[in-house]
There are 2 protein chains.
Amino acid sequence: MSDTTRHDARSADVPRRLRVVVADDQAAVREPLAAVLALSEDIDVVAAAADGDEVLAAAAAGPVDVVLMDLRMPRTDGIEATRRLTEEHPGVAVVVLTTFADDDSILAALSAGARGYLTKNAGRQDIVRAIRAAAAGQSVLDREVQDRLLATVRTRTTAPRQSLPEDITPREREVLALIGQGLPNRAIAEKLFISEATVKTHINNLFAKAGIRDRADAVRRALAAGL
Amino acid sequence: MSDTTRHDARSADVPRRLRVVVADDQAAVREPLAAVLALSEDIDVVAAAADGDEVLAAAAAGPVDVVLMDLRMPRTDGIEATRRLTEEHPGVAVVVLTTFADDDSILAALSAGARGYLTKNAGRQDIVRAIRAAAAGQSVLDREVQDRLLATVRTRTTAPRQSLPEDITPREREVLALIGQGLPNRAIAEKLFISEATVKTHINNLFAKAGIRDRADAVRRALAAGL
DNA sequence: CCGTTGTTCCACCCGTGGGTCCAGGTGCGG
DNA sequence: CCGCACCTGGACCCACGGGTGGAACAACGG
């Protein structure tokens with residue numbers, strides 16, 4: 001890994017200045033922010049936008065590397081603006097800077113294509129670093145943002161894939177899978193080319209082994225087991 | 001990237017040098033990496049580790065700000081080392097640097113407490129930036145890593161949240177939630193302090209509106225709707 | 001003021017589900 | 001060869017689920 005090689009096509013090897021657009025509806029936030037960013041010698045604040053439409057206009061007008069995007073903005077909000085930006089101008093990296101760090105906002109912004117998510121207690125260095133990272137194809141998240149993002153993943157991903165005892169026969173597992181798809185016994189019987197009586201037998205054995213009470217309970221277990 | 005323009009923090013607020021540990025089992029990777037990092041004047045490579053145990057030993061020996069961690073290492077691997085590090089030394093930030101960017105590795109590393117995840121085609125500037133971000137409490141992910149992380153979130157979180165028509169009354173939704181928990185009608189009736197007949201009515205209306213056939217089908221829909 | 005919507009309840013019917021008991025056929029390993 | 005596990009099937013019973021129709025009451029809004 002040499003420090004000269006870069007898989008990222010558009011980035012320059014010369015210290016090119018990053019063209020940044022600052023988007024926030026409050027001038028009291030937008031102006032000082034733009035001024036502070038301009039202090040960094042590798043950052044050019046090429047535009048300041050008060051809503052999503054102005055961001056899109058700025059991106060259409062001239063080349064932009066990074067957009068520092070607020071979420072709460074009139075007309076077109078930050079989420080929608082990010083979505084359109086990443087569609088129409090894939091080269092533009094969006095870094096979200098907002099006071100809201102709830103799960104929905106984070107997921108929506110990142111799903112829309114944002115390459116960074118900072119809360120407004122981030123310092124100047126944090127913001128500058130995120131801008132540079134975004135321009136280089138990386139993604140910077142605030143600590144709490146990453147924690148939240150990860151929490152939502154873990155509750156949905158690591159939890160399942162368990163349950164179900166070991167002494168369940170392949171056929172029983174097969175039947176359970178079909179129950180999990182909501183099929184009645186007759187349909188299961190037809191699908192497995194066996195009689196409905198046999199299906200019942202499998203189900204009864206299955207219920208006894210796995211401690212399943214209902215058919216409804218079976219559906220839950222089947223889904224939890226990933227069938 | 002040019003190494004003459006080191007455009008960063010050291011001027012203003014943080015004159016302290018970051019104490020970094022480089023962990024990789026291959027000396028051919030570890031040594032050059034440490035040497036390259038030491039070129040940054042705000043980085044002190046205080047130790048080089050060949051496995052997880054050496055990382056833990058280094059952290060116990062003296063103050064460490066950031067660990068640049070490989071995942072594949074003998075004895076104690078990077079995941080386990082990260083887990084123990086963040087438990088025993090919460091002040092230490094771990095940045096993973098590995099060739100593997102599969103979902104399992106990413107999730108395992110981040111769940112273990114890693115504050116960054118880079119693949120080995122990251123350049124020197126990318127790594128340095130990630131180290132600084134991690135030390136500042138931020139988290140840096142490679143683009144592909146963020147995409148993968150987000151993909152696993154979306155398939156598990158945003159996808160469900162759908163289905164269910166709009167004309168469903170609150171009471172019916174409540175009943176559906178209890179069906180989703182596998183409760184029989186009698187139990188639902190007792191839980192809602194209504195008669196079993198009323199539960200049936202709600203269920204019938206519900207089924208008609210939402211196009212649900214079975215009780216089993218209802219369980220699936222309830223789970224899919226996140227009830 | 002009256003229609004609509006939501007919630008509550010009843011009665012009736014019958015199909016499916018769930019439990020039980022039993023039993024024949026097959027393939028495997030002691 | 002004989003058990004054993006598994007898949008297969010049939011018979012019976014009855015409780016629960018699901019469908020239909022009807023009805024009463026409160027709250028809300030045109």
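A, B, ... follow the sequence lines: proteins, then strands. Residue 1 opens every chain.
The minimum heavy-atom distance between B:Val64 and B:Val92, with the atom names listed, is O-CG2, 3.5 Å.
Distance, A:Asn205 CG to D:dT8 P: 12 Å, rounded to whole Å. To the nearest angstrom, C1' of D:dA24 lies 16 Å from CD1 of B:Ile194. Look at CG on A:Leu206: it is 14 Å from C1' on D:dC6, rounded to the nearest Å. Put simply, CZ on B:Arg171 is 17 Å from P on D:dA26, counting in whole angstrom units.
A salt bridge does not link B:Asp142 to B:Lys120: none of the charged side-chain nitrogens sits closer than 4.0 Å to a carboxylate oxygen. We find that B:Arg75 and B:Glu54 are not joined by a salt bridge, their nearest charged nitrogen and carboxylate oxygen being 4.0 Å or further apart. A salt bridge links A:Asp103 and A:Arg148; the closest N-O separation between the charged side-chain nitrogens and carboxylate oxygens is under 4.0 Å. A salt bridge links B:Glu80 and B:Arg84; the closest N-O separation between the charged side-chain nitrogens and carboxylate oxygens is under 4.0 Å.
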- The contact string for nucleotides 12-21 of chain D, one letter per nucleotide 5' to 3', using protein heavy atoms under 4.0 Å with B, S and - for base, sugar-phosphate only and none, comes out as ----SBBBB-

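Within the nucleic acid shown, A:Thr169 comes within 4.0 Å of sugar-phosphate atoms alone, with no base atom in reach, counting heavy atoms only. Contacts of A:Ser195 with the nucleic acid, taken as non-hydrogen atoms under 4.0 Å apart, involve only primed sugar atoms and P, OP1 or OP2.
Bracketed by its first and final contacts, the part of DNA chain C lying under 4.0 Å from non-hydrogen atoms of chain B reaches from C:dG6 to C:dC10 in 5' to 3' order.
Defined by atom type and a distance below 3.5 Å, a donor-acceptor pair is missing between the side-chain atoms of A:Thr201 and A:Thr198. A side-chain N or O of B:Thr76 and one of B:Asp53 form a donor-acceptor pair less than 3.5 Å apart. Side-chain contact check for A:Gln138 and A:Arg115: no donor-acceptor pair (N or O, by modelled atom type) lies under 3.5 Å.
Between A:Lys209 and A:Ala197, the one whose closest nucleotide on DNA chain D sits nearer the 5' end is A:Lys209.
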